[in-house]
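Worth saying up front: this structure is predicted, and the values here are computed from it rather than measured. Quick note: residue numbers are just sequence positions, from 1.
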Amino acid sequence: MDPVTTFALIGVLGIGSQWLAWRFQLPAIVLMLLAGVLAGPLTGLIDPEASFGFLLKPIIAVAVAVILFEGGLTLNLKSLRDAGPSVLRLVMIGAPLGWLLSAISVHYIAGLSWETAIVFGGIMIVTGPTVVTPLLRQARMEPRVARILKWEAIVNDPIGALAAVLAYEMVVALRTSTTVGGAIWHVFLGIAVASVLGYLGGRVIAWAFNRGKVPEYMKVPVMFGALLAIYAASDYILHESGLLAVTIMGVVLANTHLPSLDEIRRFKEHATVILVSGVFILLAASLTMAELASIDLRIVLFVAIVIFIARPLTVLLSLMSSGLPWTEKSMIAWIGPRGVVLVAVSGLFGTQLAELGIEDGRSLTTLSFALVAGTVVLHGFSIGPLARRLKLTSEAVPGLLIVGGSRWAVNLARALEKAEIPTMIVDRNWFRLRAAREAGVKVYHGEILSETVEHTLDLSAYGVVLAATDNDGYNALVCTDLGPEFGRRQVFQVGRCDETEGRAAMPVTIGGRAFGSGMPYEDFMRLEAAGWAFRVTRLTEEFGLDDYLALNEDARILGRINDSGLLFYDGKPPEKIPAGTRILAFHHKDKDRGSGSS
């Protein structure tokens, strides 16, 4: 297959796997693994070595550089300080201890050399934030445990990458230097060159952006060009130091007060999804039938040791005397799924170790795939039952987060509070929250899109978002930003005021689902002023939806409430709604008739 067709097929398989995972609520990493193995060793459709030849390694190396830069952008040192003592323990004590135990497991259980074991042990610090977050939401984990696991994954992502790069630099130094002193000098020089170039690259970018030296539309391209330049320059000065340089560059940018950082983060999220998908498919397709057949009892035992001994021991020792209950320690000790960063980085370093003459380095790809598959499957299927057994699940019904403090939004919140649906109104204007405060509705004063919200507002109690401000663009931005956190089907916005086509129209791919059949903000304001109100009414066998609508002809059915929580409709309600369901409606108070509100 020619390179262009191979590229196209890799893109289809990678992005297609991500989409199927979203559509059917499955782990994307498992689907990408299956797709890559199916297209590679099983059918032979993709042969990366034959299609790309000597360009295969540079392609993977540049992709991994971007992935590690993205990881560096998540390491905000202030956020680390604010994350709490338990997370600090898991980073300061757990990361080095996990590195040591993992390396011992790789050497003695998997049977690989100490050089390979030290490099792979560093990579294994990464627990995969893109895998952990969906698992936590699936299990509806108690907030404190969820917060610790989430922040451990976020912080350890770049730290694991840095550990792997440093370990690899040490192996290179020992292999290429004739004396111990020469090896130490090589490691020191590699760290110094990468640190200086990465730091200077980050500071120059921050200076140029803050001083307006780069126009807005060119900031992302310039940043991406600088990333490639720093990677290439560092590698040219000192071989294989580029990955460390771009990771440090990302950390520097993450800790500068850069107004454009949110835009850069959105770009890197999109780029990372594409690159991670591509690299994962490439590495899975590069596996041979012989490598698949090499997954024997020793590798299975290695995965079991990591899951059942190394991870629990690391967490329990790190959290000793932390004050956490044993149930929470046990849950944190069990949950440690590995993600695509582990596979991507180990695939690159495995090849490079083999080129240094360490032949068992080629086993890292197989080992990483086995570890990822084992942890994702075991933790994915067990997290819910274990959380319920340890009584660490949130028993409260998922609530509604309303962005915008209008009077009609306050009345909606009050109606849902009476129906025992937790509701919070968020607004960046303190005055607009006055009506909500007077009504006793829970409020949050601040910018929902700011990074501060991640640390100060517990979003785990809410399952649905409604963007209900008078600004269509802001509503769309809120839904687009919170969509990955809550799920695209759980973010709604009031109808857009201008639905005309043309240059002024908002793209339909931006924003959330339509709330209230797409009724605009102004219509809610006008009808609420005319005496309309929100009501929750329980349907029964004797009084169904048709009976309710016959008595309340003007009613707008907005959603329903059942045991699983609140569900908004983004169009007409279904013709049949089961008895016992409570419906949320908007109609005139003078025509409020039915079987009774609840």
Side-chain angles (χ1 to χ4, degrees), residues 136-144 146 384 387-388 391-427 433 435-444 448 457-468 482 485-487 489-492 513 515-516 524 528 532-545 548 552 555-570 573-574 577-587 589 592-598:
L136 296 176
R137 293 194 65 83
Q138 165 197 325
R140 294 180 57 197
M141 192 73 68
E142 187 270 339
R144 182 165 61 182
R388 288 190 293 272
K391 298 181 179 179
L392 293 176
T393 54
S394 177
E395 299 298 331
V397 175
L400 171 65
L401 189 72
I402 303 176
V403 181
S406 64
R407 186 163 292 278
W408 70 263
V410 174
N411 290 334
L412 170 60
R414 291 178 64 188
L416 290 173
E417 288 283 0
K418 290 179 181 178
E420 299 181 344
I421 298 296
T423 308
M424 175 186 283
I425 294 181
V426 179
D427 203 302
L433 290 172
R437 295 196 305 271
E438 291 175 348
V441 176
K442 192 174 182 181
V443 300
Y444 177 84
I448 190 65
L457 182 59
D458 180 18
L459 297 177
S460 62
Y462 305 96
V464 183
V465 176
L466 171 60
L482 295 182
E485 175 77 14
F486 286 83
R489 297 183 63 81
Q490 298 297 96
V491 290
F492 294 79
R513 302 168 70 190
F515 171 71
F524 279 106
E528 194 266 344
W532 285 48
F534 297 93
R535 291 288 185 268
V536 175
T537 303
R538 186 181 297 276
L539 301 180
T540 65
E541 293 287 353
E542 297 77 20
F543 187 83
L545 180 62
Y548 179 85
N552 303 280
R556 306 285 183 94
I557 309 298
L558 304 176
R560 72 171 187 262
I561 301 171
N562 53 25
D563 293 339
S564 60
L566 173 67
L567 173 66
F568 283 144
Y569 299 128
D570 62 353
I577 298 179
T581 302
R582 292 176 292 170
I583 58 172
L584 172 66
F586 187 50
H587 58 74
K589 284 184 283 189
D592 188 10
R593 294 169 292 183
S595 64
S597 298
S598 61

Self-check item: Short side-chain to backbone donor-acceptor contact, Arg582 and Ala419, under 3.5 Å
Solution: yes

Query - Heavy-atom check, side chain of Trp408 versus side chain of Phe534, under 4.5 Å - result: yes

So do Leu412 and Leu584 actually touch side chain to side chain, heavy atoms under 4.5 Å?
yes

Heavy atoms of Glu528 and Asn411 approach each other most closely as OE2-ND2, 2.7 Å

Considering residues, nucleotides and ligands other than Arg407, do more than 12 of their heavy atoms fall under 6.0 Å from its CZ?
no

query = Can you find a heavy atom in the side chain of Val465 that is under 4.5 Å from one in the side chain of Ile448?
reply = no

One should read off an interatomic distance between Leu558 CG and His587 NE2, to the nearest 0.5 angstrom, of 10.0 Å

*Which is it for Thr581 and Leu545 under the side chain to side chain contact (heavy atoms under 4.5 Å, CB included) test, yes or no, and what are the steps along the way?*
CA-CA 10 Å; Thr581 302; Leu545 180 62; over 6 Å; no

Minimal heavy-atom distance between Leu400 and Ile421, with the atoms involved, is N-CG2, 4.4 Å

| message | I want to check something: taking the side chain as every heavy atom from C-beta on, are Tyr548 and Ile557 in contact at a cut-off of under 4.5 Å? | response | yes

Side chain to side chain contact (heavy atoms under 4.5 Å, CB included) for Val441 and Ile402? Distances and angles first, verdict last. CA-CA 11 Å; Val441 176; Ile402 303 176; over 6 Å; no

query = Side chains of Leu416 and Ile561: does their closest heavy-atom pair fall under 4.5 Å?
reply = yes

Value for NZ (Lys418) from OG1 (Thr423), rounded to nearest 0.5 Å, stands at 12.5 Å

- N/O donor-acceptor pair under 3.5 Å between Arg513 side chain and Arg489 backbone: yes

For Val410 and Ala439, the nearest pair of non-hydrogen atoms, with its separation, is CG1-CB, 3.8 Å

### Query
Is the count of non-hydrogen atoms from other residues, nucleotides or ligands lying under 6.0 Å from Glu541 atom CD greater than 12?
no

Nearest heavy-atom approach of Ile425 to Gly404 is CG2-O, 3.5 Å

For Pro578 and Leu539 the tightest heavy-atom approach is O-CB, 4.5 Å

Smallest heavy-atom separation, Ala468 atom then Ser406 atom, equals O-OG, 4.5 Å

Problem - Donor-acceptor contact present, side-chain Thr537 to main-chain Arg535, <3.5 Å - result: no

Those residues at least two apart in sequence (or on a different chain) that pass ring-ring contact (aromatic ring centres under 6.0 Å, His included) with Phe568 are Phe492, Phe515

Item to complete: Indicate, with yes or no, if the rings of Tyr462 and Phe486 have centres closer together than 6.0 Å.
Response: no

